[in-house]
Amino acid sequence: MIEKKDDRDTCIICDQLKKGGIHLYTSFICSECEKDIVQTDTNDPKYQFYVNQLKMVTKPEIYS
Ligand SMILES: [Zn+2]
């Protein structure tokens, strides 16, 4: 059994090891990015980036 030394995960949005956040399927979004996504206006180009990142999470098997 593999036991992690800490509870940090790599966030799929900012690509940083962060502690605390939400797990979507096998991916992880840190609480800071989660807050960012919620606060970003849908017209903001940044929002499209978030959506694209999240698409990879929700459809990981599409090209396999
Ligand atoms: Zn993040």
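Start at 1 and go down the list; that is how both ligands and their atoms are numbered.
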Please tell me if the side chains of I29 and L54 come closer than 4.5 Å, counting only heavy atoms from C-beta onward.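 Sidechains of L54 and I29: in contact.
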
Please tell me if the side chains of I13 and I37 come closer than 4.5 Å, counting only heavy atoms from C-beta onward.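 The answer is yes, as the side chains (C-beta and beyond) meet within the 4.5 Å cut-off.
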
Sorted by chain and residue number, which protein N/O/S atoms are under 2.8 Å from the Zn ion (ligand 1)?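 N, O, S partners closer than 2.8 Å: C11 SG, C14 SG, C30 SG, C33 SG.
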
Tell me whether the count of non-hydrogen atoms from other residues, nucleotides or ligands lying under 6.0 Å of CG in N52 goes above 12.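 More than 12 within 6.0 Å, yes.
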
Any idea which heavy atoms bring H23 and F28 closest together, and the distance?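 Looks like NE2-CD1, 3.6 Å.
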
Can you name the nearest heavy-atom pair linking Y47 to D41, along with the distance?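 In terms of heavy atoms, the two residues are closest at CB-O, 3.3 Å.
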
State the NZ-CG distance between K19 and D9, to the nearest 0.5 angstrom.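 K19 atom NZ to D9 atom CG measures 12.0 Å (nearest 0.5 Å).
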
